[in-house]
*Asks:* 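Okay, handing you the structure first.
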2 protein chains.
Amino acid sequence: MLKLTKKADYGLIALRHLASIPTATASTKEIADTYHLPVPLLAKVLQRLTQTKILISVAGTNGGYRLARDASKISALEVVRAIDGPVILTHCFTDHGSCDQSDNCTVREPLRRVHEAILDVLNRFTIDDLAEPVAQPRASKLTPLPTPLHQVINSLQPVSN
Amino acid sequence: MLKLTKKADYGLIALRHLASIPTATASTKEIADTYHLPVPLLAKVLQRLTQTKILISVAGTNGGYRLARDASKISALEVVRAIDGPVILTHCFTDHGSCDQSDNCTVREPLRRVHEAILDVLNRFTIDDLAEPVAQPRASKLTPLPTPLHQVINSLQPVSN
DNA sequence: AGATACCGGACAGATTTAGTCCTGTATCGA
DNA sequence: TCGATACAGGACTAAATCTGTCCGGTATCT
Ligand code: FES
Ligand code: FES
């Protein structure tokens, strides 16, 4: 649970790689070789990223992929959604909209909030961020007192799905 | 991906239910009936919650389960871990500690931070929070400017795994 | 042309999750 | 003491996902 799929992993790795060579293009094979990833699988991941306008593909000899926009404009959430489909926390606010319970179920609404909080984290994280190991080597307990959850929640910006 | 398992879902529902009757106990069957959950499955979930000291079981006629401590002292993270096992975001910082890449892989460290941010959200969320629909009906854009990720990260309190 | 690369669906195998079943043990109440 | 109630927990099956492969097709550069 709460596990990134390998595909998403591969996608992030590839994107991060492409971000490091902003002008040039890299082929599936190149990237796969560099990071020892299964070629055909990575290929499909890159295809999907192209479909979703995150990458641009260049066919032909010396072709390959390059980012469709700046690395700072591509969020991890977008990538994950492109590859793995919509992110779903509970089964209750999906397809048909509600399980048999949705009325007397007390858990539904609150869980949706956790859901959004998580999406928000993913949303703030860009491919850019994947590159730099961050100034402060290790995050530290700057907030010894745990921030109450509702505060965290209230600072969220709406993220659909 | 990033999906709560049904078991975890069931567990949270059950806990929330038990939180609403702090003194009394409720049997597996009672809870399952109330929320239309598969009895044997819920039973196993509750068993695990008992093993991990989140619940206390009472055998015999009129037996059942009750919370082992106050609802505000039980975090969603704890529950999820009890039921689904350790939460893992990437495959790279698990078992053996590293994939073949861990050296030239640039994604590893940054991803670990996203991971922690998510765990942190889950960690702050208690069974208590599941109960109340929160004062402000809908979270709003109190922070129109997205908080930079590293700020979010720096405010984290360490959470293992 | 011919070589290189992307495109995209179909498909097989492995892993995870969901859900069932059955035997055993503890406790309460009559 | 007997019997009903309820938890304990392992073994097992089935369904759903995820991982990874294969292949025929198309676009592009040299
Ligand atoms: S169990 Fe489905 S809405 Fe809560
Ligand atoms: S791919 Fe394993 S450490 Fe990044």
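Nothing here was measured: the structure is a model prediction, and the numbers come from that model.
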*Asks:* With sugar-phosphate meaning primed atoms plus P, OP1 and OP2, does B:P38 contact a base, only sugar-phosphate, or nothing at under 4.0 Å between heavy atoms?
*Replies:*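 Touches sugar-phosphate only.
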*Asks:* In the structure I gave you, are the side-chain heavy atoms of B:V121 and A:D120 within less than 4.5 Å of one another anywhere?
*Replies:* no
*Asks:* Check whether any side-chain nitrogen or oxygen of A:S57 sits under 4.0 Å from OP1 or OP2 of C:dC7, and answer yes or no.
*Replies:* yes
*Asks:* So what does A:K29 touch, heavy atoms closer than 4.0 Å: a base, only the sugar-phosphate, or nothing?
*Replies:*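 No contact.
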*Asks:* Is B:Y65 close enough to D:dA8 that one of its side-chain N or O atoms is under 4.0 Å from OP1 or OP2 there?
*Replies:* yes
*Asks:* Would you indicate whether A:N62, at its atom CG, is surrounded by more than 12 heavy atoms from other residues, nucleotides or ligands within a distance under 6.0 Å?
*Replies:* no
*Asks:* Give a yes/no answer on whether the side chain of A:T5 brings an N or O atom under 4.0 Å of OP1 or OP2 in D:dT17.
*Replies:* no
*Asks:* Round to the nearest Å and state the distance from A:D9 atom CG to D:dT17 atom C1'.
*Replies:*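 One finds 17 Å between C1' of D:dT17 and CG of A:D9, rounded.
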*Asks:* Using atom NZ of B:K6 as one end and atom P of C:dT20 as the other, report the distance to the nearest whole Å.
*Replies:* 11 Å
*Asks:* With a 3.5 Å cut-off and heavy atoms only, can you find an N or O donor on one side and an acceptor on the other between the side chain of B:K3 and the base of C:dT16?
*Replies:* no
*Asks:* Do the non-hydrogen side-chain atoms of A:I31 and A:L18 ever get within less than 4.5 Å of each other?
*Replies:*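 Heavy-atom side-chain distance check passes, below 4.5 Å.
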*Asks:* Rounded to the nearest Å, what distance is computed from the CG atom of residue A:L42 to the P atom of nucleotide C:dA5?
*Replies:* 14 Å
*Asks:* Separation of B:R48 atom CZ from C:dA18 atom P, in whole Å?
*Replies:*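 Value for this atom pair: 12 Å.
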*Asks:* Nearest whole Å is fine: how far is C:dG8 P from A:L55 CG?
*Replies:* 13 Å
*Asks:* Roughly, in whole Å, what's the span from CD1 in B:I31 to P in D:dC7?
*Replies:* 8 Å
*Asks:* Between B:G64 and A:T61, which residue's closest nucleotide on DNA chain D lies nearer the 5′ terminus?
*Replies:*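 This one resolves to B:G64.
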*Asks:* Using heavy atoms to find the nearest nucleotide of DNA chain C for A:K44 and A:A59 separately, return the residue whose nucleotide is more 5′.
*Replies:*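 So the residue in question is A:A59.
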*Asks:* Can you measure A:R66 atom CZ to C:dC6 atom P for me and round it to whole angstrom units?
*Replies:*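 Whole-Å distance recorded here is 13 Å.
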*Asks:* A:I13, A:L41: one ILVMFWY side-chain cluster at the under-4.5 Å cut-off?
*Replies:* yes
*Asks:* Within the pair A:Q47 and C:dG9, is there a side-chain N or O less than 4.0 Å away from OP1 or OP2?
*Replies:*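 For A:Q47, the contact criterion (side-chain N or O under 4.0 Å from OP1 or OP2 of C:dG9) is not met.
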*Asks:* With B:V79 as reference, evaluate B:L15, B:D84, B:T126 under the side chain to side chain contact (heavy atoms under 4.5 Å, CB included) test and give the passing residue.
*Replies:* B:L15
*Asks:* OP1 or OP2 of C:dT4 less than 4.0 angstrom from a side-chain nitrogen or oxygen of A:S27, does that happen here?
*Replies:*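 So the side chain of A:S27 is outside the cut-off, no N or O lying under 4.0 Å from OP1 or OP2 of C:dT4.
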*Asks:* If you find the nucleotide of DNA chain C closest to B:K7 and the one closest to A:E30, which residue's nucleotide is nearer the 5' end?
*Replies:* A:E30
*Asks:* Can you check whether A:Y10 has a side-chain N or O nearer than 4.0 Å to OP1 or OP2 of D:dT19?
*Replies:* no
*Asks:* Grab the CG-C1' distance between B:L37 and C:dA18 for me, whole Å please.
*Replies:*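 Rounding to the nearest Å, CG of B:L37 and C1' of C:dA18 are 13 Å apart.
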